[in-house]
Structures are given as structure tokens and as C-alpha cells.
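Order of the sequence lines sets the chain letters (A, B, ...), proteins ahead of strands, with each chain counted from 1.
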Amino acid sequence: MDKFLIKKKRNPLGLEEEEKNGVEEKEAIWKEIRAEGLHCDYRILFSKSEADGILLELERDIEYLQGDLAKLYVFGKWHNVPRKQVAYGDAGLSYTYSGATFSPKPWIPVLQRVRECVQAVTGHSFNFVLINRYKDGRDRMGEHRDDERELEPRSPIASVSFGAGRDFVFRHCGSKGHSTPSHPTPVWLHLEHGSLLVMRFPTNQHWRHGLPARRGVTGPRVNLTFRDVRGSHVGP
DNA sequence: TGGGGCGCAGCGCG
DNA sequence: GCGCGCTGCGCCCC
């Protein structure tokens with residue numbers, strides 16, 4: 001499935017005019033992001049007006065976790081996460097990290113629509129979406145790897161962004177603490193309003209990713225990361 | 001013009 | 001997947 005995509009290079013300036021609904025495979029404009037063990041693809045998925053509309057719906061309809069459910073256990077301490085989070089997905093699934101377990105809320109129309117677009121352009125199915133809302137440039141996410149034990153083996157993760165553009169970094173796991181010339185340098189991206197980033201196997205095995213603070217960013221960003229979570233225990 | 005101060009950002013650590 | 005502290009750098013102002 002990793003070879004599903006038809007990749008075409010084009011002038012990004014013509015993108016909004018050429019794409020009617022953002023899901024035409026033949027119109028796809030993918031930017032390939034490659035390094036040692038890093039395999040990602042990036043594109044604009046929604047035009048500005050489409051993305052504006054989706055962001056409004058997300059801001060209106062998404063209900064984020066509050067109180068203890070929004071805390072995280074890291075290095076022996078509980079912290080409030082520096083952003084808002086919630087998960088939606090198929091009934092019976094769950095996803096855990098750093099002491100926080102996400103039981104998904106049922107799908108709502110706006111998330112179903114975005115999921116269908118993502119599935120159409122990637123050729124992969126997703127049963128779960130983790131939503132992070134960064135109210136401004138002070139909200140952030142530290143660098144981490146996603147726990148692939150809870151994901152379908154070798155399945156990609158699709159990250160869709162709405163609102164303020166933010167920098168995003170991949171850093172090779174071996175590059176912390178014991179940097180040597182052989183360790184790959186960090187890979188920086190800018191995730192734009194209406195964009196899709198597909199993180200493919202084996203990226204998550206050797207690279208951490210994070211969203212650093214950016215003081216100059218004043219607007220909110222809502223990010224949807226679609227995953228295929230293992231559901232072997234699902235059922236009545 | 002340049003030096004110092006300040007704020008932001010990168011990175012290591014627990 | 002956090003927060004803190006150290007450090008370096010770039011920008012701004014006098």
C-alpha cells in the first residue's frame with residue numbers, strides 16, 4: 001500500500017484554481033519528504049475557502065477534554081497539556097500514551113467528511129482521529145514518537161491542519177545527547193491551513209516529531225491526526 | 001556604526 | 001508528548 005500514491009510535481013501557485021474539491025488524485029501535488037528512514041508526503045488538501053469552512057465547523061462542534069482527562073504523566077509528574085485534545089473514532093477503540101487513554105467520541109459529520117477526503121487521496125482507511133487545538137503560538141507539542149504497538153502495523157498517520165500555519169520538526173532518535181556526524185540533521189516543515197502530511201512506515205520508528213512554540217503566532221491551529229488503531233478487542 | 005541588552009529558540013536533562 | 005535551565009543568536013536601540 002505504501003506505493004499507492006501517484007506523485008506529480010507542479011507549480012504550487014496554480015493549486016487552488018486547479019482543484020475543485022481537493023480529492024482528485026490526478027490533480028495531486030505531493031511534496032516528498034525523504035531522509036534516512038523518513039518517508040512522508042505533504043500536500044495542500046483543501047482550498048483556502050474550504051479549509052476556512054471546515055475550521056469554523058471544527059471550532060463550533062469539537063468538544064475538547066477538560067480537567068483530569070486533559071492531564072499527562074511525564075517523567076514522574078502530572079502536567080496540564082499545553083494545548084487542548086480529544087479523540088473521535090469507531091466505538092470500542094482506545095489509544096494510550098504517557099498515562100493518558102483516549103476513548104473516542106462518536107464520529108461527527110465534519111470529521112467524517114475530512115476523513116473521506118484523506119482516505120480518497122491516500123488509499124488508506126482510518127478508524128480514529130486525535131484532535132489537538134493550539135490556541136496560539138505558545139501552545140505546542142513536545143517531540144515524541146507515536147506508539148506503534150497500538151496502531152495497525154506499518155499503517156500511515158495522516159495529519160490535517162487548519163488555522164494558523166506552524167513549524168513542525170522531525171528529529172532522528174539517535175540525534176539527542178550523543179550527536180555524531182552520522183546522525184541525520186533535523187527536518188523542518190511548515191504545516192499550512194488545509195494541508196495534509198502523511199507519515200509513512202518506518203518514519204515513526206526512528207524519528208521523533210514535535211510542534212515547537214512560536215511566539216509570533218497569534219491565531220489558533222486545529223490539527224487532526226487520523227490513525228488506524230488496532231481493534232481486535234472490538235465487539236459485543 | 002557597533003556594542004550591549006533582551007527575547008526567542010534550540011537543546012539537554014530529569 | 002512536560003517544564004526548566006542553560007546557551008547562542010539575531011534584532012533593536014542608543
Side-chain angles (χ1 to χ4, degrees), chain A residues 35-38 40 62 64-89 93-104 126 128-151 155-191 197-230:
Chain A
E36 190 181 315
L38 188 148
C40 297
I62 299 296
Y64 292 92
L65 300 178
Q66 296 178 354
D68 287 346
L69 291 173
K71 289 182 188 297
L72 202 57
Y73 193 69
V74 186
F75 286 101
K77 285 183 188 170
W78 286 94
H79 301 275
N80 290 316
V81 293
R83 60 189 173 274
K84 285 184 170 181
Q85 288 185 312
V86 68
Y88 287 72
L93 298 175
S94 71
Y95 186 71
T96 302
Y97 74 85
S98 292
T101 297
F102 293 89
S103 294
F126 299 97
F128 191 95
V129 61
L130 184 62
I131 305 177
N132 284 282
R133 182 182 190 275
Y134 306 86
K135 68 179 182 303
D136 56 33
R138 290 171 301 176
D139 277 3
R140 63 195 185 279
M141 184 181 286
E143 293 170 15
H144 67 284
R145 287 189 297 151
D146 291 306
D147 186 354
E148 59 271 352
R149 289 173 305 176
E150 302 207 63
L151 303 174
S155 64
I157 293 172
S159 167
V160 189
S161 298
F162 299 97
R166 290 290 293 265
D167 292 337
F168 185 83
V169 64
F170 287 102
R171 218 178 291 274
H172 198 268
C173 291
S175 67
K176 198 175 193 175
H178 313 83
S179 67
T180 71
S182 64
H183 287 131
T185 54
V187 175
W188 289 88
L189 305 176
H190 190 74
L191 303 182
L197 174 69
V198 184
M199 289 179 267
R200 300 176 183 282
F201 184 85
T203 304
N204 211 28
Q205 290 199 325
H206 301 297
W207 293 76
R208 295 173 284 120
H209 58 270
L211 190 94
R214 285 292 179 262
R215 291 264 174 156
V217 175
T218 54
R221 169 178 183 259
V222 177
N223 180 64
L224 316 180
T225 51
F226 291 90
R227 299 143 195 271
D228 197 15
V229 172
R230 286 184 151 167

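Distance from the side chain of Pro82(A) is smallest for dG3(C) among the nucleotides dG14(B), dG10(B), dG3(C). Comparing dG1(C), dG10(B), dC2(C) by their nearest atom to the side chain of Trp188(A) picks out dG10(B).
Listed pair Arg171(A) / dG10(B) fails the phosphate criterion, with no side-chain N or O lying under 4.0 Å from OP1 or OP2. Dashed line: the shortest gap from a side-chain N or O of Arg214(A) to OP1 or OP2 of dG10(B) is under 4.0 Å. Proximity of Arg140(A) to the phosphate of dG1(C): no side-chain N or O atom is located under 4.0 Å from OP1 or OP2.
The distance between atom CZ of Arg138(A) and atom C1' of dA9(B), rounded to the nearest whole Å, is 16 Å. Distance CG (Leu211(A)) to P (dG10(B)): 12 Å, rounded to an integer number of Å. Between Asn80(A) atom CG and dC2(C) atom C1' the separation is 11 Å, expressed in whole Å. Atom CZ in Phe168(A) sits about 12 Å away from atom C1' in dG1(C), given to the nearest Å. Between the P atom of dG1(C) and the CZ atom of Arg208(A) lies a distance of 10 Å, rounded to the nearest Å. Whole-Å rounding puts the Tyr134(A) OH to dG1(C) P distance at 14 Å. Distance Asp167(A) CG to dC8(B) P: 15 Å, rounded to the nearest Å. Straight-line distance from the CD atom of Glu143(A) to the P atom of dG1(C): 11 Å, rounded to whole Å.
Of the N and O atoms on the side chains of Arg133(A) and Tyr64(A), not one donor lies less than 3.5 Å from an acceptor on the other residue. A donor atom on one side chain and an acceptor atom on the other are found under 3.5 Å apart for Ser161(A) and Arg221(A). Between the side chains of Asn132(A) and Arg83(A), at least one donor-acceptor pair of N or O atoms lies under 3.5 Å.
Base-pair partner of dG1(C): not found among the strands shown (Watson-Crick or G-U wobble, both distances under 3.5 Å).
The distance between the ring centers of Phe168(A) and Phe170(A) falls below 6.0 angstrom.
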